[in-house]
Every structure is written in structure tokens, then in C-alpha cells.
Protein chains: 2
Amino acid sequence: MVILELDLNSDTPIYLQIKEKIIEGIALKQLVPGEGLPSVRALASDLGVNMHTVNKAYQLLKQDGYLLIHRQKGVVIQPEGMPSVDNDYLEKLKNRLQPLISESVCRGMTSEQFMRICHDILGQFEEKGE
Amino acid sequence: MVILELDLNSDTPIYLQIKEKIIEGIALKQLVPGEGLPSVRALASDLGVNMHTVNKAYQLLKQDGYLLIHRQKGVVIQPEGMPSVDNDYLEKLKNRLQPLISESVCRGMTSEQFMRICHDILGQFEEKGE
DNA sequence: CTATCTGTTATATATATTGTATAACAGATA
DNA sequence: TATCTGTTATACAATATATATAACAGATAG
């Protein structure tokens with residue numbers, strides 16, 4: 001399992017950090033569909049947090065369609081394809097981008113500057129090896 | 001003052017919604033530097049929320065450099081120029097963009113699709129009238 | 001069969017965040 | 001003097017976050 005670093009001082013709750021890191025791992029292909037994840041107890045122990053904190057992250061990921069959870073077998077990255085880009089998702093994405101972009105405009109950032117930053121981050125997920 | 005709509009069912013706290021809407025108003029040039037904002041009590045009354053909720057939003061905006069607050073005169077959009085694009089801001093922006101982009105990659109969105117959405121939102125802030 | 005591993009569920013507790021409700025203060029102003 | 005600023009203080013309630021234990025049922029390894 002990929003090492004998962006937490007920032008206990010972050011204003012982002014631990015369970016959300018875990019969720020985001022796993023999604024990032026999938027996007028980076030460090031985690032591949034069908035791959036198993038540590039049990040809630042094992043990951044909690046590794047991270048030094050409570051079992052329920054990890055469980056909450058797993059439940060959210062399951063709810064979003066990123067994970068399959070078999071009651072006795074364990075947790076697996078969804079093997080049948082990732083969640084899709086539907087209208088609900090697009091709306092949420094736009095609503096989360098809006099305040100970021102408003103602020104960048106206020107601060108005098110140009111569209112090109114903002115797009116450049118997005119482009120750079122997107123570049124992290126390009127096929128490098130392979 | 002621009003009408004400011006709140007979503008009481010949102011998972012975004014009211015004081016953050018107020019903050020974001022005011023920043024959006026500045027980005028849209030509906031609010032211009034030097035322009036006065038309603039008093040904490042007046043805006044709270046308009047929105048149907050508590051005085052302290054508005055005050056919290058104003059304090060955050062002051063802290064970020066968007067507002068000037070004169071103890072007896074009232075609240076004014078910073079007339080001396082908006083906060084700048086410094087390294088602290090850039091780091092925060094990237095950290096907030098990262099999970100959004102990770103998720104879009106997981107869902108199979110192309111870079112072009114993501115950039116297009118950003119471009120469209122950025123377009124809302126272009127000089128149209130004038 | 002027994003022990004151990006799953007996820008799940010339940011209960012309890014502690015703390016921080018969010019939001020409201022009042023009240024009072026000092027300075028400016030009409 | 002009365003009224004408007006922002007500010008500060010206190011109290012309260014509801015919710016969110018995180019932890020600590022415990023127990024359950026099913027699968028599996030010894």
C-alpha cells in the first residue's frame with residue numbers, strides 16, 4: 001500500500017484527507033482497479049487514527065463508486081470502471097471551482113495564469129512511464 | 001447592495017458562503033473598491049442570520065485584505081488594491097485544486113474537458129459591458 | 001473446532017465548529 | 001440626546017469530528 005501522509009493540523013478533516021489521497025492514488029495509477037486496500041483496522045493502525053475515521057472515508061468512497069466492499073473479503077478498488085462524469089458531478093465540480101476562480105480574478109490573476117496552474121497539476125497525471 | 005443568496009442546506013457554512021459571494025461580487029465588478037458594504041447588523045437582518053455570522057465573514061475578508069473596517073464608519077471594499085498573488089496564496093490554490101483535478105482524472109475527464117470548464121467559468125468575469 | 005481475520009453496528013465520550021441570542025461598550029454622527 | 005458604527009463578552013444549542021470499546025456474523029487458516 002502506498003504511504004498515505006496526513007496533516008493533523010490541516011483544516012481538512014482526516015477522513016476527507018484519506019478519501020482525497022486514495023482518489024489521488026487512483027488518478028496516479030498507484031492504485032489500480034481490482035487492487036485491495038488495507039482493512040479499516042490495519043490502515044487506522046498505520047495512520048495512527050481511529051478505525052471509524054478510516055471507515056468513514058471508505059464508506060464515502062464506496063458511496064461515490066470508487067470502492068467495492070465485501071463484508072468478509074475486504075475492500076477493493078472498483079474493478080468495473082470508475083464513476084462517470086454525470087451532470088451531478090459536473091455541477092458539484094463547477095460549484096467548487098467557482099470560488100477558487102473568483103478569488104484568482106480578484107487578485108488580478110489572468111485566465112492564462114490560472115489555466116497554466118491547472119495544466120501543470122493535470123500534467124502530474126499524464127502517462128510518464130508505460 | 002447586491003442581493004446575496006444563501007443555501008441553508010449547503011455543507012458550506014453560512015459565513016463562508018457570505019465571504020465567497022462577496023469575493024465573487026468583487027470579481028464580477030458588482031462591488032468596486034471604495035464601495036461601502038452594509039453594516040453587520042443590516043446584512044444579518046437582510047439575510048435572516050445572526051450578526052456574528054456576518055461579522056465572521058467580514059473579519060475573514062478583512063484578514064485576507066479584501067475589506068477595510070473603520071470602527072465607527074463601517075465596512076468598505078479595499079480601495080488601495082486587492083490582495084496580491086503571493087506564494088502563500090498560490091500554495092493554497094494548488095492544494096485546493098489538487099483534489100478536484102484528481103477526481104476529474106479518475107472519472108476519465110480529459111485535460112481539455114477540465115480546462116474547458118475552467119475557461120467557461122473564467123469567461124463570466126470578462127469585461128462584457130463597459 | 002478454534003482462533004483470527006473481515007466489515008458492520010452500537011454506545012459513550014470529548015472536543016471543535018457553526019450558529020444563535022443578548023447585552024454592553026466607545027466613538028462618531030445627526 | 002438618540003442612533004448608528006464595529007467590537008467584545010457571555011451563554012447556549014446543534015452538529016461535525018475523532019476517539020475508545022465492545023460485540024456481532026461470516027469467512028478463512030491453523
Side-chain angles (χ1 to χ4, degrees), chain A residues 1 4-22 31 34-79 92 96 99, chain B residues 1 4-22 31 34-79 92 96 99:
Chain A
M1 170 64 185
L4 204 159
E5 288 182 4
L6 296 180
D7 178 5
L8 298 182
N9 296 327
S10 169
D11 53 347
T12 303
I14 299 175
Y15 73 95
L16 278 187
Q17 290 186 50
I18 295 172
K19 182 191 176 193
E20 289 173 356
K21 288 286 186 181
I22 290 176
L31 299 173
E35 182 172 350
L37 290 186
S39 71
V40 287
R41 290 176 179 86
L43 183 53
S45 174
D46 279 2
L47 297 177
V49 300
N50 191 269
M51 188 201 68
H52 294 98
T53 306
V54 174
N55 193 51
K56 188 164 183 177
Y58 278 2
Q59 289 301 325
L60 290 176
L61 287 164
K62 170 191 172 189
Q63 188 177 317
D64 286 352
Y66 289 102
L67 298 184
L68 275 189
I69 304 184
H70 295 88
R71 182 160 187 143
Q72 281 83 21
K73 297 181 184 176
V75 181
V76 172
I77 308 278
Q78 174 64 254
K92 286 181 185 172
R96 293 188 63 182
Chain B
M1 170 65 185
L4 204 158
E5 288 182 3
L6 296 181
D7 177 5
L8 298 182
N9 296 327
S10 169
D11 54 347
T12 303
I14 300 174
Y15 71 94
L16 278 186
Q17 290 185 50
I18 296 173
K19 181 190 177 193
E20 289 172 355
K21 288 287 186 180
I22 290 177
L31 300 172
E35 182 173 349
L37 290 186
S39 71
V40 287
R41 290 176 178 85
L43 182 53
S45 174
D46 278 2
L47 297 177
V49 301
N50 191 271
M51 187 201 69
H52 293 99
T53 306
V54 174
N55 193 51
K56 189 164 183 178
Y58 279 1
Q59 289 301 327
L60 291 176
L61 287 164
K62 170 190 173 188
Q63 187 178 318
D64 287 352
Y66 288 102
L67 298 184
L68 275 189
I69 305 184
H70 294 88
R71 184 162 185 141
Q72 280 85 21
K73 296 181 182 176
V75 181
V76 172
I77 309 277
Q78 174 64 256
K92 286 182 186 173
R96 292 187 66 182

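First the proteins, then the strands, lettered A, B, ... as listed; each starts at 1. We use all heavy atoms of the structure for the numbers below, so side chains are in, but hydrogens, waters and symmetry mates are not. Everything quoted here is computed from the prediction, not taken from an experiment.
For the pair B:Thr53 and C:dT20, the criterion of a side-chain N or O lying under 4.0 Å from OP1 or OP2 is met.
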**Q.** Criterion side-chain contact (heavy atoms from CB on, under 4.5 Å) on A:Ile77 and A:Leu67, from CA distance to verdict
**A.** CA-CA 5 Å; A:Ile77 308 278; A:Leu67 298 184; 4.0 Å; yes
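Taking every heavy atom of both residues into account, B:Asp64 and B:Lys19 meet most closely at OD2-NZ, 3.0 Å. Between B:Glu5 and B:Lys21, the closest heavy-atom pair is O-CE, 3.5 Å. Across B:Gln17 and B:Thr12, no two heavy atoms sit closer than the pair NE2-O, 2.8 Å.
Looking only at side-chain heavy atoms (C-beta outward), A:Ser39 and A:Tyr58 stay at 4.5 Å or farther from each other. Counting only heavy atoms from C-beta outward, the side chains of B:Ile22 and B:Tyr66 never approach each other to under 4.5 Å. Within the 4.5 Å cutoff, side-chain heavy atoms of A:Ile69 are placed close to those of A:Gln59. Counting heavy atoms from C-beta on, the side chains of A:Leu43 and A:Leu37 never come closer than 4.5 Å.
Remark: of the listed residues B:Val75, B:Asp46, B:Ile18, B:Ile18 is the sole one forming a side chain to side chain contact (heavy atoms under 4.5 Å, CB included) with B:Val54.
Taking a pair as Watson-Crick or G-U wobble with both distances under 3.5 Å, the runs of three or more consecutive pairs in DNA chain C are C:1-30 with D:1-30.
Contacts with DNA chain C (heavy atom under 4.0 Å) in residues 8-18 of chain A: none are found.
In this structure, B:Lys19 atom NZ and C:dT18 atom P are separated by 12 Å, rounded to whole Å.
Checking side-chain atoms of A:Asn50 against main-chain N and O of A:His52 turns up a donor-acceptor pair under 3.5 Å.
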Q: Treat primed atoms plus P, OP1 and OP2 as sugar-phosphate and everything else as base, then score nucleotides 7-14 of chain C 5' to 3': B for base contact with protein heavy atoms under 4.0 Å, S for sugar-phosphate contact only, - for none.
A: BBBB----
